[in-house]
Number of protein chains: 2
Amino acid sequence: MNQKWVYMFKEGDPKNKNLLGGKGANLADMTQLGLPIPQGFTVTTEACTEYYNNGQALSNEIESQIKSCLVNLEELSGKKFGDNTNPLLVSVRSGARVSMPGMMDTVLNLGLNDEAVVGLANKTENERFAYDSYRRFIQMFSDVVMEIPKPRFEKIIDEMKEAKGVKLDTELDANDLKEMVIRFKALYKEVKGVDFPQDPEVQLMEAVKAVFRSWMNPRAIVYRRMNDYPSSWGTAVNVQMMVFGNMGDTSGTGVAFTRNPSTGENAIYGEYLINAQGEDVVAGIRTPSHISQLEQDMPEVYTEFMNIAHTLENHYHDMQDMEFTVENGKLYFLQTRNGKRTAAAALRIAVDLVAEGQITEEEAVLRVEPKQLDQLLHPMFDAKALKAAKVIGKALPASPGAAAGKVYFTAEDAKEAGAAGERVILVRLETSPEDIEGMAAARGILTVRGGMTSHAAVVARGMGTCCVSGCGEIQINEEEKHFSLGGMTFHEGDYISLDGSTGNIYGEDVATVEPEITGDFETFMAWADKYRTLKVRTNADSPKDAQNAVKFGAEGIGLCRTEHMFFEEDRIMKMRKMIVSKTEAERREALDALLPLQKGDFVGIYEAMGERPVTVRLLDPPLHEFLPHTDEDIATLAGEMGITFEDLKATVESLHEFNPMMGHRGCRLAVSYPEIAEMQARAIIEAAIQVKQEKGYDIVPEIMIPLVGEVKELKYVKDIVVAAADKAIAEADVTLTYHVGTMIEIPRAAVTADQIAEEAEFFSFGTNDLTQMTFGFSRDDAGKFLEDYYGKGVYESDPFARLDQTGVGALVQMAAEKGRSIRSDIKLGICGEHGGDPSSIEFCHKVGLNYVSCSPFRVPIARLAAAQAAIKNK
Amino acid sequence: MNQKWVYMFKEGDPKNKNLLGGKGANLADMTQLGLPIPQGFTVTTEACTEYYNNGQALSNEIESQIKSCLVNLEELSGKKFGDNTNPLLVSVRSGARVSMPGMMDTVLNLGLNDEAVVGLANKTENERFAYDSYRRFIQMFSDVVMEIPKPRFEKIIDEMKEAKGVKLDTELDANDLKEMVIRFKALYKEVKGVDFPQDPEVQLMEAVKAVFRSWMNPRAIVYRRMNDYPSSWGTAVNVQMMVFGNMGDTSGTGVAFTRNPSTGENAIYGEYLINAQGEDVVAGIRTPSHISQLEQDMPEVYTEFMNIAHTLENHYHDMQDMEFTVENGKLYFLQTRNGKRTAAAALRIAVDLVAEGQITEEEAVLRVEPKQLDQLLHPMFDAKALKAAKVIGKALPASPGAAAGKVYFTAEDAKEAGAAGERVILVRLETSPEDIEGMAAARGILTVRGGMTSHAAVVARGMGTCCVSGCGEIQINEEEKHFSLGGMTFHEGDYISLDGSTGNIYGEDVATVEPEITGDFETFMAWADKYRTLKVRTNADSPKDAQNAVKFGAEGIGLCRTEHMFFEEDRIMKMRKMIVSKTEAERREALDALLPLQKGDFVGIYEAMGERPVTVRLLDPPLHEFLPHTDEDIATLAGEMGITFEDLKATVESLHEFNPMMGHRGCRLAVSYPEIAEMQARAIIEAAIQVKQEKGYDIVPEIMIPLVGEVKELKYVKDIVVAAADKAIAEADVTLTYHVGTMIEIPRAAVTADQIAEEAEFFSFGTNDLTQMTFGFSRDDAGKFLEDYYGKGVYESDPFARLDQTGVGALVQMAAEKGRSIRSDIKLGICGEHGGDPSSIEFCHKVGLNYVSCSPFRVPIARLAAAQAAIKNK
């Protein structure tokens, strides 16, 4: 038997969204529920795949199935394609597995030709409407299906209006529109060399192919990337009989939600227009009425509408977003789908639906998009203010939230202005660890260079500060303190606003509103916590971050980066002294000066975390990151340090690396300079002893050795750490348990994880570096070519944002299995950026990690994503 | 039963070198053959491992077994430890599985104490000798075992000679030496706080531990690294009764080889001294006699010696290196081992032994160290001239051979001087692709920076040019054209000499001799070719390299790097024009100008290779490598190109990368600029068609797409290549087969090799990059910390020279298996530096690769290594 490529609505399996698309499945469902649906059929997503496999052509079999469905549709509707009395007109719409609003193409009024237009005029008794529909169809078909640029048609309209001396399209009468049709068809022939297709079947086949093509248009590719949808899904095509809401005062069209999509309130919400088509609502010439007005206008229709709306909500157990049309007093539902909603509404609806007994707690947990929770935790722009604001640029949405303030160009200026009470936006070419205090003082950060995992992005997310990164269009002059973007120039103290959730940049002071956490949030998150099995930790380097994270529900620290502490004002000079040391003795002296400060850091963090586990990573970055690089800065610092310029310059040069990402860093530092690891281990242990003694907390520090690629390397550093730790414990004459483990972030560590597990008590997957090295590209450089990759369909998502399960994930899984094969109780976690990404979290759940760790503001997202993973994979 | 840690010579299994060490096994063998061996026992290599596992201590069990063997030895010898009439004295020597001459410690005359010295005096009737032996023993024991610096003893000797007014040690008499013993013992007590141990058992245990310790001394670590011996082997310790060659004119000592170790000639070769100990031979005070003199001096001993020498050679079927001592007319063999020999000797001996019926061809193939063949292919220093030359510095032996000439500091100067007939040594901070012509003009290359796989090293090996790299001790001023090393300063035109096989640098013009290839080479290599199954290809980028490689037996080109072609003078400007192009059209225009030149390159290479397969890799390096980086050079080039400085500077800046190794290179260039790959594919195919038509060769080009990490990426570029290739074939109206494959050099490619094999007709493992990314360190930077790693025993060999089988090898094997699982006939090769390394080649054989590819001068090495791998793994 031949494969079935096309299903009438009444034939389709409503559960099979993968095959029919969301829209197609719901239309089948509504049809089979007996609801008033304009009939039609769905060309499956498999046909889309077949179209691409077949060199972008429809097979004979698919075409023939479409044709026979057309015959069915004519029978069902009693109308006839191309008929001059009662013509069948159809809409042709895309419909993927998930809703991708506005991403793909639609053709309306298909079936119109020189005959059918007469039929439409007769049937609607409205010649102007009929020819207006025809000229719009020609225009839409030419644009969407045949790629003839719209402006060429607009030009004709303008010419005709000018000739007639009118301004609005609506001032053209039926005769004008008839002439316009003639001129449009002439233009079509001029461009394509053939007549505008009169055969509705030809129109339909071309439209179906155009919808399939639109699956691969650039905006659909970007949308899928942002939402983690693979291109392999394909889209279905729905061919549905047109109904008309513009047949007089007993006709109309509207859109409605069963609950309020902004607040979640359980009350019908929507608008409609009498005697109108969908386009009129969108065009905004007439103001739609609130849906409740329908009760006055057409009480019976309203009752039927409300009944069906309730039926649909009860059927899908979720808030519905419905399109309907009334044609001569007869109500049609054109489509229904689960409605998009704000985070607050999502929580309220989920909690209410459980209270109403419509869904279980587990189902409720699956109803909220984890990433949406961000909205609840960060300031947002005031909706009204935002509407009036002008976007002057767009870059990467690197850390969510909204911020408005005055621009400053150096970390110092930012710090000063912040201290003086200004709202600060820090604008930098790129940030470096030295900028940390200026970043902390800023409400928002804007960088010219750097991707989603650049220094600015990572640090901003950790702080919960809004950040827009990688805005290459900016012309910046950091020295003279100004930048230009979108034709405007901004000097120090000028206002701009940033939306870290969209990447939009505004050239003015846009009002923001603070986030509000409602009781629904607590209720909902308690359900999430009940069902998840993955623990959620946080990446935090300071007591403040740690406190924040605990507030958001963090159950420990998965990554405490010790190097961030060394960039603070009172430490950086000591650190530099350590780096320029010429002998071990000098280095030890400098380290002795750092020890009490480092210990103090850990005391603060342990106090903030109580008895929750804390994983501290030993020094990771290459040492040159702590030194200046220009001759001028070197000279200044040499002066401050009391050494010669030549001496310091020589140190800087000797530390230069061609590929610093793959350089002398991580545990390699500890192999070269064991005394650094020794000092850090001592600080970690002594701080734990102190807090244990002062607060009575039973602290079990986890010491993490980074960048290990070989078990002997781990063993060497571990031996140093253990010796220093045991010495500190013995000196204090206490008992204290601690664990030593490693990051798995080098491919070789994953490949040899069984050997490494002999020495490591825990693994933490550093998937940022593991991704870089598995793919062989540096995240600082990849931005330049990844756009080409997305554009050409080679990659569909950013591997630094979403864990690459095929490659990097295979190494993670291999390492997890090898690790457990040697040490069955090995603790496994992830501390890369992926620890806060929902799809990556689901992967972590599946491979059996014990916890994920992410920046404090992502902790709620991770808790929810972990719960969803557990429920989905039960 | 307790484990046996110690074996008397008569007990040991002569075949078990892993347990007894080479020396111990041979002593057991000779004992069991009934040869005259001073008896003794061997402490096993396992005891060495146990010693390290046990925190560097001897277990009671090991000590007790040593003691009981001592008792046995006393019985066997009829002598007694510490006896004052007939004392037993022993030597304590290391003896690893393989010979590591001079790397570890030895203690002689152990057992001497205040009693035994009297016994020795009595027995030898030579008091002076006895006390001289005793004072030497105290000195050696203190130095080797107790780490008391030698100079402190030397000082005492000097003082005593001064007091007595003599100059030579030999002028001190027995009484002086008695006093010296007293003063030495006092010094020992002063330093160690206890008396010099009188108990021979205590002396012995300490000496055994010292030998074990010496297994981990720095020179042993370096030696093992250079020879690929793992530290896990450990060393055995041989305790052997001392015999004395200095008991008068019927005593003597000597060293002999059964064949000439320089030429391989089948004639006894060696020297000996009457009335002497081994030390006297080394000290060089007396000139030894040729071994034939023994026939005159002691005819019976000579006959016995010759008989035993023949017995040994016939027993081991190899040339023997023997130490012997005659004590009062009685001949003792102290040890025998397979003798070290020159490459020429190794070939001759192997071929002769087959002719003599002693060994089979296969055994002969195993007898020559593949790396030794280098000696036969490169100029070497004249041995006599070398003896007189002074080493002024030492760095990495980056490309073998010897070279002497005048130093030049720029590629241009080198090229000019070379053209003028000078012998040129190019000295550079580091080389870059722009230096290629200067490098070609040089006889030797010396760089300050860069490791064994730096640009200089890789290119030099490809050219067969001697290169010493990474000499950090050099102070160089490239602008003023001079450098200092070892206290000397060299200006342009001054002579130096380089030994690329040892890394030695000489501050003068040392005479070299050209290599000679003898008939033995042909015979021997024919056997190697007969037994190997791996094919051997070469990495060659020019017709000249290709011809050279064919001469050395290359069976194809495994890696032809197209970028090297673009650095030549007539191309670099065209390449740069392509890079600064602002539109695809401009870029295509520039590429059109490169096409005929690129095609010409391939024509030359195909002509040189005949019908042998040629794999051409598409453009690999990041584009900024083709542009200058200083403002001065940018300004000059902008002028030459007729564009503005700002314009060119902007291009250079936009191409800047933080980690170029992981940047926009390889197939990523082809994804961004498909027209580059298109041009190259066309050039590859058009050249093949031309040579096919002109020469009648049936050429099947292999087009290799580099740096692939994802199958869709490969598919994208492959589609472009195939389209361009098919178009060129269609235009020429011919038939031509070609293959498209990829490099596996990114970890993700190895992990997803099954997917990649769907598109790739062949895999070539690029183990240079694969090693970098699997270990996560850049070879340009790793030099800085790898020394620490070797020193601390974390790594034992350079992973860029010897394939890391545990990590990188696991990925290679995984990729090979996954590749074959999808495409059973997939062709697998390796084209990284490892393709010329014997142990890596054995690995390639084991995982079933089809070929290895290496630089032309390594082809014979690879052929031999492949043969050995096949024979060993039959």
Side-chain angles (χ1 to χ4, degrees), chain A residues 622 654-666 668-669 671-674 707 709-710 712-716 745-752 755 769-782 784-789 792-796 799 804 806-808 810-811 814, chain B residues 472 622 654-666 668-669 671-674 707 709-710 712-713 715-716 745-752 755 769-782 784-789 792-796 804 806-811 814:
Chain A
S654 75
L655 292 175
H656 168 79
E657 295 183 315
F658 295 98
N659 296 288
M661 202 264 119
M662 308 176 83
H664 196 183
R665 49 175 288 240
R668 296 165 195 166
L669 293 172
V671 171
S672 294
Y673 311 114
L707 217 74
E710 153 67 40
K712 286 193 201 161
E713 185 179 38
L714 171 61
K715 170 101 167 62
Y716 180 84
E745 54 186 333
I746 298 255
R748 195 175 188 279
V751 172
T752 64
Q755 297 179 9
D769 276 358
L770 190 59
T771 298
Q772 295 195 84
M773 292 191 267
T774 304
F775 276 90
F777 48 64
S778 146
R779 64 187 183 195
D780 292 322
D781 302 313
K784 284 184 199 154
F785 53 84
L786 280 183
E787 283 305 320
D788 291 331
Y789 273 67
K792 292 174 177 178
V794 175
Y795 292 134
E796 300 189 30
D804 158 48
T806 315
V808 180
L811 287 175
M814 181 192 300
Chain B
S654 75
L655 292 176
H656 168 79
E657 294 182 315
F658 295 98
N659 296 289
M661 201 264 120
M662 307 174 83
H664 197 183
R665 48 175 287 240
R668 297 165 193 165
L669 292 172
V671 171
S672 294
Y673 311 115
L707 216 73
E710 153 67 40
K712 286 194 200 159
E713 184 179 38
K715 170 104 168 57
Y716 181 85
E745 53 184 333
I746 299 257
R748 195 174 188 280
V751 172
T752 64
Q755 296 179 9
D769 276 357
L770 190 60
T771 298
Q772 294 195 82
M773 292 192 267
T774 303
F775 276 91
F777 48 64
S778 145
R779 64 187 185 196
D780 291 322
D781 302 313
K784 284 185 197 153
F785 53 85
L786 280 183
E787 283 305 321
D788 291 330
Y789 273 66
K792 293 174 178 179
V794 174
Y795 292 133
E796 300 188 32
D804 158 49
T806 314
V808 180
L811 287 176
M814 181 192 302

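These numbers come from the heavy atoms of this one structure, side chains and all, not from hydrogens, waters or symmetry mates. Order of the sequence lines fixes the chain letters, A, B, ..., with proteins taken first and strands second; residue numbering starts at 1 for each chain. All figures in this text were calculated on a predicted structure; none of them were measured in a lab.
Not a single donor-acceptor pair under 3.5 Å links the side chain of A:Lys792 to the backbone N or O of B:Tyr716. Using modelled atom types, one side-chain atom of A:Asn659 and one backbone atom of B:Met661 make a donor-acceptor pair closer than 3.5 Å. A donor-acceptor pair is defined here as one N or O able to donate and one able to accept, closer than 3.5 Å; such a pair exists between the side chain of B:Lys784 and the backbone of A:Ser654.
The choice from B:Glu745, B:Lys715, B:Glu710 that makes the most heavy-atom pairs within less than 4.5 Å of chain A is B:Glu710. Most heavy-atom pairs under 4.5 Å with chain A: of the set B:Val751, B:Asp769, B:Thr774, B:Leu669, this distinction falls to B:Thr774.
In this structure, B:Thr806 and A:Arg748 approach most closely via the heavy-atom pair CB-NH2, 3.6 Å. Closest non-hydrogen pair, A:Phe658 versus B:Asp780, comes out as CD1-CB, 3.3 Å.
Using a 4.5 Å cut-off on side-chain heavy atoms (C-beta onward), B:Tyr795 and A:Lys712 make no contact. In this structure, the side chains of A:Tyr789 and B:Arg668 come closer than 4.5 Å at one or more pairs of heavy atoms. Side-chain atoms of B:Met662 and A:Met773, non-hydrogen and from C-beta on, do get closer than 4.5 Å to each other.
Only the side chain of A:Thr752 comes within contact range of chain B, with heavy atoms under 4.5 Å apart. Proximity to chain B is limited to the backbone of A:Leu655, based on heavy atoms less than 4.5 angstrom apart. Looking at B:Ser672, both its backbone and its side chain come within 4.5 Å of chain A, counting heavy atoms on both sides. If you measure heavy-atom distances from B:Gln755 to chain A, the contacts under 4.5 Å come from the side chain alone. The part of B:Pro674 that comes within reach of chain A is its side chain, from C-beta onward, which places non-hydrogen atoms under 4.5 angstrom from that chain.
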